Amino acid sequence: MKALILVGGFGTRLRPLTLSVPKPLVEFANKPMILHQIEALKAVGVTEVVLAINYQPEVMLNFLKEFEASLGIKITCSQETEPLGTAGPLALARDKLIDDSGEPFFVLNSDVISEYPFKEMIQFHKSHGGEASLMVTKVDEPSKYGVVVMEESTGQVERFVEKPKLFVGNKINAGFYLLNPSVLDRIQLRPTSIEKEVFPKIAAEKKLYAMVLPGFWMDVGQPRDYITGLRLYLDSLKKHSSPKLASGPHIVGNVIVDESAKIGEGCLIGPDVAIGSGCVIESGVRLSRCTVMRGVRIKKHACVSGSIIGWHSTVGQWARVENMTILGEDVHVCDEIYSNGGVVLPHKEIKSSILKPEIVM
């Protein structure tokens, strides 16, 4: 089987992190986002992954070369010269996706984190005999999304309603599809949307089916959702009694710590914290609901909550970093500084407090 991952563009919503690396390579729970998906695809027998991309394919491919070998899966890029929406990239990658097997192929949105129930999805697709399957997830506020209206018992999709004013249902497109090769005959090589142009036609022919995603779902393409997604992901690890979760007298709730990180005396870490490789957390530090990326140093008695600390940054002694502060790569927060929601671009030194959310160039 094959899979296409829609990687797309610049990842502007996750700046300043994406100023340093393409978004799919930004770590989520100590592993590049896209690797969570590639490993799950590999586990259900996918042998080739195509990345639909319009930005920095060299960086992506060089990075993924090592994983090609270790995972034993072929990874190639299909590069757009102009943005082609969510369906155009399928037409562009047509020759990479079609072979003689006639097997269906996966299409994934690269920002989505979940438990990736691809095995169940393959069984569902085979059982209904339609042309296309999509995953849907239940949300509390469907008015922000495109809602999928479906026949509950069979999963047959009736229609799509974009950002409904009146309640029509609470299931939204989760960004995972399993498509028969024949779907490619419906897509022209131009900027086009799979949700708005392709799927409604398949649904009209009663050949589109939706399966409700078991477990959690989050689009982690922006900081607030990234931090929520980390909580849901760690909850899921806990539910499955994962050995990846850290334990000890200084750990509260769900926390993952890379084995190469060093943690000092008298720290309190958690809940919902990820600490990357080579990090140094000095004594008396308090961390909660945050991601501390590779090579970061958090100095004595600093407090970080609800924030993302980018690669190789430092947080000074007695500093307080909170409320969706996002530090880009190599940012240095001086001692006793307070950051309330500062978004700081890479290679910057912060010598005075950031009292209200703002971007620091």
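If you're wondering where the values come from, they're calculated on a predicted model, not measured in any experiment.
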Test item: [X] side-chain N/O and [Y] main-chain N/O as donor-acceptor pair under 3.5 Å:
X	Y	result
Arg286	Leu268	yes
Ser313	Gly328	yes
Thr192	Gln188	no
Ser110	Leu6	yes
Glu282	Ile298	no
Thr325	Ser339	yes
Lys2	Lys96	yes
Asn340	Leu355	yes

Is there side-chain contact between [X] and [Y], with heavy atoms separated by less than 4.5 Å?
X	Y	answer
Pro32	Phe63	yes
Val147	Phe160	no
Val315	Lys299	no
Ile194	Leu90	yes
Val21	Trp311	yes

Regarding [X] and [Y], do their side chains bring together a donor and an acceptor under 3.5 Å, going by distance alone?
X	Y	answer
Ser20	Glu329	yes
Asp140	Asn170	no
Asp330	His347	yes
Tyr177	Glu195	yes
Tyr209	Glu131	no
Asn254	Asp272	no
Asn180	Ser182	no
Gln222	Asp225	yes
Ser133	His128	yes
Trp217	Glu115	no

* Asked: His36 and Tyr116: aromatic ring centres closer than 6.0 Å?
  ->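 Here the rings of Tyr116 and His36 have centres that are no less than 6.0 Å from each other.
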* Check: Phe106 ring centroid to Phe176 ring centroid under 6.0 Å ->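 No; Phe176 has its ring centre 6.0 Å or more from that of Phe106.
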* Asked: Taking NZ, NE, NH1 and NH2 as the nitrogens, is one of them in Arg190 or Glu197 under 4.0 Å from a carboxylate oxygen of the other?
  ->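 Salt bridge present between Arg190 and Glu197.
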* Asked: Do Tyr233 and Val257 share a hydrophobic cluster (ILVMFWY, side-chain heavy atoms under 4.5 Å, transitive)?
  ->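 No: no chain of side-chain contacts under 4.5 Å links Tyr233 to Val257.
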* **side chain to side chain donor-acceptor pair (under 3.5 Å) evaluation trace for Asn30 with Asp258** => CA-CA 7 Å; Asn30 290 353; Asp258 185 273; 5.0 Å; no
